[in-house]
2 protein chains.
Amino acid sequence: MQVSNELRDYFPDGVFSQHCPSRVLLDHVMSKWGVLVLLALSEGEPLRWSELRRRAEGVSEKMLAQTLRTLASDDLVERHAKPVVPPHVEYSLTPAGQELAAHLVPLMRWVAGHAGEQRV
Amino acid sequence: MQVSNELRDYFPDGVFSQHCPSRVLLDHVMSKWGVLVLLALSEGEPLRWSELRRRAEGVSEKMLAQTLRTLASDDLVERHAKPVVPPHVEYSLTPAGQELAAHLVPLMRWVAGHAGEQRV
DNA sequence: CAGAATCCTCTAAGATACTG
DNA sequence: CAGTATCTTAGAGGATTCTG
């Protein structure tokens with residue numbers, strides 16, 4: 001394979017080093033609900049809070065709120081609140097989020113394709 | 001972007017559904033130490049236990065052991081124990097693990113490249 | 001509808017010590 | 001060297017209630 005050294009080259013400090021800032025972003029992106037939210041939004045159309053709750057099946061309100069806040073502060077997700085009543089809020093990917101999702105989707109497809117094929 | 005529907009097509013049951021087996025594999029792969037171990041091994045050469053501990057900086061013995069067991073049972077990582085004393089054990093990626101790593105590396109490179117650019 | 005606030009539980013994960 | 005065993009705790013995460 002020998003894909004790497006590129007990795008080390010790209011990030012001199014080392015993604016492996018304990019206090020590398022990438023660890024934080026990595027944890028956000030790779031978190032259980034973070035992945036699912038990014039994936040759900042990767043389809044292009046903005047989604048509403050309630051739609052996201054249904055898509056990421058099993059997520060609690062608390063975790064969805066937390067996940068969205070985190071991803072928003074990472075500039076991966078954008079929040080658009082229409083000033084109507086009842087409230088109408090939509091979430092979508094930022095350009096950065098779209099870049100990330102472009103990597104996430106094939107990965108997820110691979111994972112989905114291989115899930116259940118081995119003893120878990 | 002509109003990358004998806006492919007996702008749904010590929011996995012009819014939906015990767016988003018709560019008890020989809022992909023959730024389990026996803027959690028293993030996306031776990032903090034899982035990613036780092038897979039990444040470390042993606043460089044091609046097998047690594048020894050102690051080398052992995054150094055590479056995945058901050059990992060505890062317990063978590064490394066657990067991570068390796070999990071990844072091995074998912075058929076992503078292989079363990080080769082040479083019957084010598086003192087023990088000499090090497091870990092490497094399986095073919096499946098290499099496929100996965102091929103997706104993980106560009107993702108990680110993106111993450112590394114974007115870490116620290118926004119308020120965290 | 002889209003959350004915020006609160007409480008509570010459980011387990012992921014770290015620290016430590018021991019061993020084949 | 002390459003782990004396992006045990007103990008402990010922070011905090012991730014769930015359930016419920018409340019509100020602009």
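Within every chain, numbering begins at 1; the chains are lettered A, B, ... in the order of the sequence lines, protein sequences first and strands thereafter.
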According to a strict under-4.0 Å criterion, is [X] in side-chain N/O contact with OP1 or OP2 of [N]?
X     : N     : value
A/S50 : C/dA2 : yes
B/Y91 : D/dC1 : no
A/R48 : C/dC1 : no

How long is the gap from [atom1] on [X] to [atom2] on [Y], to the nearest 0.5 Å?
X     : Y      : atom1 : atom2 : answer
B/L93 : B/S42  : CG    : OG    : 7.0 Å
B/L38 : B/M108 : CG    : CE    : 12.0 Å
A/L76 : A/T94  : CG    : OG1   : 5.5 Å

- Message: By the 4.0 Å heavy-atom rule, please label B/R53 as base, sugar-phosphate, or nothing.
- Response: nothing
For the pair made of [atom1] in [X] and [atom2] in [N], what is the distance, rounded to whole Å?
X     : N      : atom1 : atom2 : value
B/E51 : D/dG3  : CD    : P     : 12 Å
B/L64 : D/dA2  : CG    : P     : 11 Å
B/L36 : C/dA13 : CG    : P     : 12 Å
B/R79 : D/dG3  : CZ    : C1'   : 8 Å
A/E90 : C/dG3  : CD    : P     : 12 Å
B/E57 : C/dG14 : CD    : C1'   : 16 Å
B/R69 : C/dA12 : CZ    : C1'   : 14 Å

- Residue pair B/K82, B/E90: steps toward the side chain to side chain contact (heavy atoms under 4.5 Å, CB included) verdict: CA-CA 8 Å; B/K82 303 184 183 179; B/E90 287 185 345; 4.1 Å; yes
- Quick one: what's the B/S/- string for nucleotides 15-20 of chain C, heavy-atom cutoff under 4.0 Å, read 5' to 3'? B-B--B
- Task: Just report the end-to-end axis angle for the helix from C/dC1-D/dG20 to C/dG20-D/dC1, five pairs per end, to 10 degrees.
- Result: 60°
- Task: Answer yes or no: is there a donor N or O on one side and an acceptor on the other, between the side chain of B/R53 and the main chain of B/V59, under 3.5 Å?
- Result: yes
- Task: Examine distances only and state if a side-chain atom of A/E57 and a backbone atom of B/Q18 form a donor-acceptor pair shorter than 3.5 Å.
- Result: yes
- Task: Dump the intermediate steps for side chain to side chain contact (heavy atoms under 4.5 Å, CB included) on A/E99 and B/W110, then the final yes or no.
- Result: CA-CA 8 Å; A/E99 282 183 39; B/W110 188 93; 2.6 Å; yes
- Query: Closest nucleotide of DNA chain C for B/Q66 versus for A/V89: which of these residues is on the 5' side?
  - Reply: A/V89
- Starting at the 5' end of DNA chain C and moving along, which residue's nearest nucleotide shows up first, B/M63 or A/H88? A/H88
- Message: Let's see if you can work this out: which of D/dC1, C/dC1, C/dA2 has an atom nearest to the side-chain heavy atoms of A/P86?
- Response: C/dC1
- Task: Report the C-alpha distance between A/L64 and A/V37 in whole Å, list the side-chain angles of each, state the deciding distance to 0.1 Å, and finish with yes or no for side chain to side chain contact (heavy atoms under 4.5 Å, CB included).
- Result: CA-CA 8 Å; A/L64 181 56; A/V37 166; 4.0 Å; yes
- Task: Might you work through the salt bridge (Lys or Arg N to Asp or Glu O under 4.0 Å) test for A/E43 and A/R55, ending with a clear yes or no?
- Result: CA-CA 12 Å; A/E43 301 184 11; A/R55 299 292 255 98; 2.6 Å; yes
- Task: Run the numbers on B/L68 and B/R79 for side chain to side chain contact (heavy atoms under 4.5 Å, CB included), then give the verdict.
- Result: CA-CA 9 Å; B/L68 286 170; B/R79 197 189 107 114; over 6 Å; no
- Query: Mapping B/W49 and A/W33 onto DNA chain D by nearest heavy atom, which one lands closer to the 5' end?
  - Reply: B/W49
